[in-house]
Asker: 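My questions all concern the structure below.
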Amino acid sequence: MLFAGLGFSVAAGKALVITGPNGTGKTTLLRILAGLTLPAGGTIRWRGEAVVPYAAGLREETLYAGHFAALKDELTAEENLRSLVSLSGAEPSDADLRAALAAAALAEKRLLPARVLSQGQRRRIGLARLALLARPLWLLDEPATALDTTGLGLLAELIARQLDSGGAVIAATHQPLDLPTDAVDRLVMG
Amino acid sequence: MSATATTATESPYGAFGALRWAVARDLKLALRSRAELGVQLLFYVIVVTLFPLASSPEKTLLATMGPGVLWVAALLASLLSLPRLFASDFADGTLEQIALSPYPMPALVFGKILAHWLTTGLPIVVLAPLLGLQYGLDVPALTVVTLSLLIGTPILSLLGAIGASLTLGVRGGGSLLALLILPLYVPVLIFGAGAADAVRAGLSASANLSLLGAGLLLAFVGAPFATAAGIRIALD
């Protein structure tokens, strides 16, 4: 058993930051919340009702950003972003895509194939995706990995905007995120 | 649950949108890695060409075994391409996003299978009449063998996708996939190659082709759901 006796809730406009040593189940917890992994026991409630993995209502309202960036080396940064965002059900215009890439400092890289981008630049495509997908709940697994200071600033800005608009964020991270303290709850695992 | 949650028919996330996303993306990816597709097609051509070299070049013998050889080569070419159907999407995390997408997952999976058939199955069908000439097949036999491949190769892709999803993340998944899926290919092979035999014996091929068609319908209805379930197990 990885963890037991865990109970928490996240309100609209609030962020829950999960911290803890490696191997204590942060990723597993996020995957259970997203519906990818079946918990051995327990209940997950969304808007007060118990949900099962892959419930349609939950899939329409959550955004999961895992360890893997889900990028295709053969596609350009812009094509990757369009593909990911439209898989999540949004149809951004070309202007929206370019604006999101520019905000992530990828304006000059947008026509380059993803295989030539650095690790940090690949993560920035993930940030541009967050900017284009306003969902009530974001599940972020190590969102700060490989980001430089401006990247971290952009991440904090995106999360703050998500919270301002009444969305909720659950993030597992080792690095401190620069968020307003009154909007953040903490969960320490392990 | 959202108050705006709607039934499947009213949902903005319809099966057609899912299909369009998956087909367009996978065709674009296939186009960017054309060399891989070329290798598979070349494999098919070489396997078909090897048989006359290994057995006697006698004309009646070649005409007898021609349809069977075309079919066996199609099975092998299909097996060669199947491990790649989901492997890269599994490795880079795209499958997680596909599983969590608001679009219906069986429709997304069916789109991927359709794109797989368009890039690996359809070229085999198109090449079949040309390769059949090597075996001295006459026009009725060529027509029927091509038609049987046109109905049969989508079944190979659909059944193969189930096997590919079940062997995701397994070490040596390629050979396990072959063991798992070849027995399921046997009925397709029998009816597919049998159609041309019937024509050569002066009978109608309609019984064989109808059975293949029934198999295609069955695979079309069942395989996307089974494959989606297999992927969810692999992701757990």
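Per chain, numbering begins at 1; letters A, B, ... match sequence-line order. Because the structure is a prediction, the values reported are computed rather than measured.
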Asker: Does any heavy atom of chain B fall under 4.5 Å from the side chain of Ala34(A), the backbone, both, or neither of them?
Answerer: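 Contact with chain B involves both backbone and side-chain atoms of Ala34(A).
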Asker: In Å and rounded to the nearest 0.5 Å, what is the CZ to CG distance from Arg32(B) to Asp73(A)?
Answerer: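 Those atoms lie 12.0 Å apart.
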Asker: So for atom CZ, which belongs to Phe68(A), do other residues, nucleotides or ligands contribute more than 12 heavy atoms lying within a distance under 6.0 Å?
Answerer: no
Asker: For Asp178(A), is the CG atom crowded, meaning more than 12 foreign heavy atoms sit under 6.0 Å from it?
Answerer: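 Not buried by this count: 12 neighbours or fewer within 6.0 Å.
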Asker: Counting heavy-atom pairs under 4.5 Å to chain A, which of Gly17(B), Ser88(B), Pro104(B) comes out on top?
Answerer: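 When all of Gly17(B), Ser88(B), Pro104(B) are compared, Ser88(B) has the most.
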Asker: Pick one of side chain, backbone, both or neither for Arg129(A), based on which atoms fall under 4.5 Å of a heavy atom in chain B.
Answerer: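 Just the side chain, heavy atoms under 4.5 Å.
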Asker: Looking at Gly66(A), Ala70(A), Pro113(A), which has the largest count of heavy-atom pairs under 4.5 Å with chain B?
Answerer: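 Counting heavy-atom pairs under 4.5 Å, the top option is Ala70(A).
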Asker: Pick out which of Glu79(A), Glu74(A), Lys72(A) makes a side-chain contact (heavy atoms from CB on, under 4.5 Å) with Lys28(B).
Answerer: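 Filter result, single survivor: Glu79(A).
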Asker: Examine whether an atom of Leu36(A) lies under 4.5 Å from a heavy atom of chain B, and if so say whether it belongs to the side chain, the backbone or both; otherwise answer neither.
Answerer: both
Asker: Which heavy atom of Pro102(B) sits nearest a heavy atom of Ser88(A), and at what distance?
Answerer: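 So the two residues come closest at CG-O, 3.4 Å.
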Asker: Atom CZ of residue position Phe16(B) - does it have more than 12 heavy atoms of other residues, nucleotides or ligands inside 6.0 Å?
Answerer: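 No, because the 6.0 Å sphere around CZ of Phe16(B) holds 12 heavy atoms or fewer from other groups.
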Asker: Quick check on the structure: residues of residues 90-101 of chain B within a heavy-atom distance below 4.5 Å of chain A, by number.
Answerer: Ala91(B), Asp92(B), Gly93(B), Thr94(B), Glu96(B), Gln97(B), Ile98(B), Ala99(B), Leu100(B), Ser101(B)
Asker: Which atoms of Arg135(A) are under 4.5 Å from chain B, going by heavy atoms: the side chain, the backbone, both sets, or neither?
Answerer: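 Answer is side chain: those atoms of Arg135(A) sit under 4.5 Å from chain B.
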Asker: Sub-4.5 Å heavy-atom contacts with chain A: which residues of residues 222-236 of chain B show up?
Answerer: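 Counting heavy atoms that sit under 4.5 Å from chain A, the residues of residues 222-236 of chain B involved are Arg232(B), Leu235(B), Asp236(B).
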Asker: Of the backbone (N, CA, C, O) and the side chain (C-beta and beyond), which part of Arg45(A) lies under 4.5 Å from a heavy atom of chain B, both, or neither?
Answerer: neither
Asker: Kindly give the heavy-atom pair with the smallest separation between Tyr103(B) and Arg59(A), and that separation in Å.
Answerer: O-NH1, 3.1 Å
